[in-house]
Amino acid sequence: MTDDVWKRDEIQSPCIKICVVHPEARICTGCYRSIDEIRDWSKMTNEERAGIMNDLPARAGKLVKRRGGRGARLKRS
């Protein structure tokens with residue numbers, strides 16, 4: 001068996017193992033990918049992955065920290 005089997009020429013996942021989906025933005029607070037992007041990552045081409053990777057830094061600003069817990073959410077409804 002050779003080590004060549006384990007070498008892959010693809011863009012790695014940006015996952016940092018903090019998998020929490022923001023309830024309003026619907027993106028992961030760890031890697032900033034959408035649920036669909038996370039689901040489809042292994043099926044994407046390198047070009048598709050590269051496009052997403054380029055977009056990720058701009059997504060961080062879309063996340064607004066929630067304050068007030070359940071009571072604040074009920075007031076918004």
Side-chain angles (χ1 to χ4, degrees):
M1 181 178 245
T2 68
D3 287 335
D4 291 336
V5 173
W6 302 108
K7 293 179 184 173
R8 298 169 75 171
D9 186 27
E10 64 186 33
I11 295 172
Q12 296 300 311
S13 168
C15 180
I16 60 170
K17 298 179 181 157
I18 300 175
C19 303
V20 177
V21 176
H22 189 278
E24 294 167 0
R26 303 294 297 154
I27 59 176
C28 176
T29 60
C31 69
Y32 305 122
R33 291 180 293 168
S34 71
I35 299 291
D36 293 337
E37 291 166 344
I38 293 168
R39 180 195 65 219
D40 296 337
W41 192 259
S42 64
K43 301 173 197 166
M44 291 180 181
T45 65
N46 277 343
E47 291 77 22
E48 291 169 322
R49 290 178 181 183
I52 292 168
M53 293 294 282
N54 288 334
D55 292 342
L56 295 180
R59 295 180 186 183
K62 293 181 180 180
L63 299 183
V64 177
K65 195 179 251 187
R66 292 172 42 197
R67 297 187 187 273
R70 184 173 183 269
R73 288 193 303 280
L74 291 174
K75 287 179 185 177
R76 287 191 298 214
S77 315

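As the structure is a prediction and not an experimental result, all values here were calculated from the model.
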At their closest point, which heavy atom of R59 faces which heavy atom of S34, and how far apart are they?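 That would be NH1-N, 3.9 Å.
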Taking all non-hydrogen atoms of both residues, which atom of R49 and which atom of I11 are closest, and how far apart?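 For R49 versus I11, the nearest heavy atoms are NH1-O, 2.9 Å.
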Reported [atom1]-to-[atom2] distance for the pair [X] and [Y], which is rounded to 0.5 angstrom:
| X | Y | atom1 | atom2 | value |
| --- | --- | --- | --- | --- |
| E37 | M53 | CD | CE | 11.0 Å |
| I38 | C31 | CD1 | SG | 4.5 Å |
| H22 | I27 | NE2 | CD1 | 8.0 Å |

Could you check S13 against R33 for side-chain hydrogen bond (donor to acceptor under 3.5 Å, both in side chains), going step by step and ending with a plain yes or no? CA-CA 10 Å; S13 168; R33 291 180 293 168; 3.3 Å; yes
Same cluster or not: I35 versus Y32, using hydrophobic residues (I, L, V, M, F, W, Y) connected whenever any side-chain heavy atoms lie under 4.5 Å apart?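 Per the 4.5 Å side-chain linkage, I35 and Y32 are not co-clustered.
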If hydrophobic clusters are built from ILVMFWY residues whose side chains come within less than 4.5 Å, do L56 and M44 share one?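 They do share one cluster, since a chain of ILVMFWY contacts under 4.5 Å joins L56 to M44.
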Any D40 side-chain heavy atom under 4.5 Å of E48 side chain: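 When only atoms from C-beta onward are counted, E48 and D40 do not touch, as no gap falls below 4.5 Å.
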